[in-house]
Amino acid sequence: AQSVTQLGSHVSVSEGALVLLRCNYSSSVPPYLFWYVQYPNQGLQLLLKYTSAATLVKGINGFEAEFKKSETSFHLTKPSAHMSDAAEYFCAVSEETSGSRLTFGEGTQLTVNP
Amino acid sequence: EPEVTQTPSHQVTQMGQEVILRCVPISNHLYFYWYRQILGQKVEFLVSFYNNEISEKSEIFDDQFSVERPDGSNFTLKIRSTKLEDSAMYFCASSVWAKLFFGSGTQLSVL
């Protein structure tokens, strides 16, 4: 069975500061890992995905994530936060490339302070 | 960029009534999904659909739920007799090559 744990339901950073959102996963097979962002009153937008190629994955809006098998982690980072990054971020895992269910974490609400 | 379209954006219904939530997936996608998010909780998988049949469903997806692709473009979720606990945001998604595209969701309120 697969699962995802996001540490910190709320993260607050200052504009220009580093963003670090934590995600740990559990999977019985090599996982496929995803980060989604949800802006208020909108759907889920894919930020980036890891599907067993490069361990450092670059996504949209300046975000990136590093797959660390030894730590079972897939933390999301961005060097410099913008006000527009304020949203809820979800880490998710699946065990197949397509046609397989995603299991989501609880989500992390990111607040960016001016 | 192509997108998944869901209608309506908000649906209010009385307990015990049937509701149908509608989705138009991206045209060249082959896998379709419904997820839901109860307020303050995780996004949860309900069902996946491939080649005109259910490929996987969760324990949430009981006999009250059904899905259909009636005309090759629409993908619907029917809840036969709604309960208060069905109140949630329902997301449709379609996928190709490990990339799920989600719609904006339908907020279902059961009174």
Side-chain angles (χ1 to χ4, degrees), chain A residues 1-10 23 25-27 29-54 57 59-61 65 67 74 87-109, chain B residues 1-10 21 23-26 28-61 67 88-107:
Chain A
Q2 56 198 30
S3 66
V4 166
T5 301
Q6 290 183 240
L7 297 175
S9 59
H10 290 85
C23 172
Y25 70 90
S26 171
S27 177
V29 300
Y32 296 98
L33 294 158
F34 308 81
W35 276 99
Y36 283 85
V37 60
Q38 185 180 29
Y39 297 102
N41 302 315
Q42 294 188 27
L44 296 160
Q45 181 181 5
L46 180 67
L47 276 177
L48 49 82
K49 68 180 193 292
Y50 166 78
T51 55
S52 76
V57 181
I60 62 171
N61 301 340
F67 173 71
F74 190 58
E88 185 142 26
Y89 292 79
F90 293 92
C91 184
V93 63
S94 76
E95 294 181 347
E96 293 178 27
T97 54
S98 63
S100 180
R101 63 198 283 178
L102 289 177
T103 299
F104 283 86
E106 299 87 348
T108 297
Q109 182 67 47
Chain B
E1 184 173 322
E3 59 180 25
V4 175
T5 306
Q6 288 187 246
T7 55
S9 56
H10 292 86
L21 308 183
C23 170
V24 179
I26 295 172
N28 63 336
H29 288 187
L30 300 177
Y31 292 87
F32 314 111
Y33 310 82
W34 285 100
Y35 286 78
R36 79 174 185 188
Q37 185 181 26
I38 295 172
L39 186 64
Q41 297 186 23
K42 289 186 187 186
V43 177
E44 302 172 291
F45 169 81
L46 292 178
V47 65
S48 60
F49 192 86
Y50 172 72
N51 200 26
N52 286 319
E53 60 183 26
I54 291 173
S55 52
E56 191 174 1
K57 61 183 180 179
S58 72
E59 53 281 355
I60 302 168
F61 194 88
V67 289
M89 177 73 85
Y90 288 81
F91 292 107
C92 174
S94 64
S95 78
V96 63
W97 298 114
K99 187 173 180 179
L100 264 71
F101 290 80
F102 284 84
S104 299
T106 294
Q107 180 65 55

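Since the model is a prediction, treat every value here as computed from it, not as a measurement. Lettering of chains follows the sequences in order, A, B, ..., and the numbering in each one begins at 1.
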I'd like to know whether the aromatic ring centres of B:Y31 and B:Y50 sit less than 6.0 Å apart in this structure. yes
Parallel, tilted or perpendicular: which describes the rings of A:F104 and A:F90, with under 30° parallel and over 60° perpendicular? perpendicular
Kindly assign one of parallel, tilted or perpendicular to the pair B:F101 and B:H29, based on the angle between their ring planes and the thresholds 30° and 60°.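 Tilted.
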Segment of B:S58 engaging chain A (4.5 angstrom heavy-atom cut-off):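 Both the backbone and the side chain of B:S58 come within 4.5 Å of chain A.
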Part of B:E44 within contact of chain A (heavy atom distance under 4.5 Å):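 No part of B:E44 comes within 4.5 Å of chain A.
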Measure distances from A:Q45 to the heavy atoms of chain B and classify the residue's part below 4.5 Å as side chain, backbone, both or neither. neither
A:E106, part contacting chain B, at a heavy-atom distance under 4.5 Å: both
Quick one: does any side-chain atom of B:S94 pair with a main-chain N or O of B:F32 as donor and acceptor, under 3.5 Å?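 Pair absent, no side-chain N/O of B:S94 close to backbone of B:F32.
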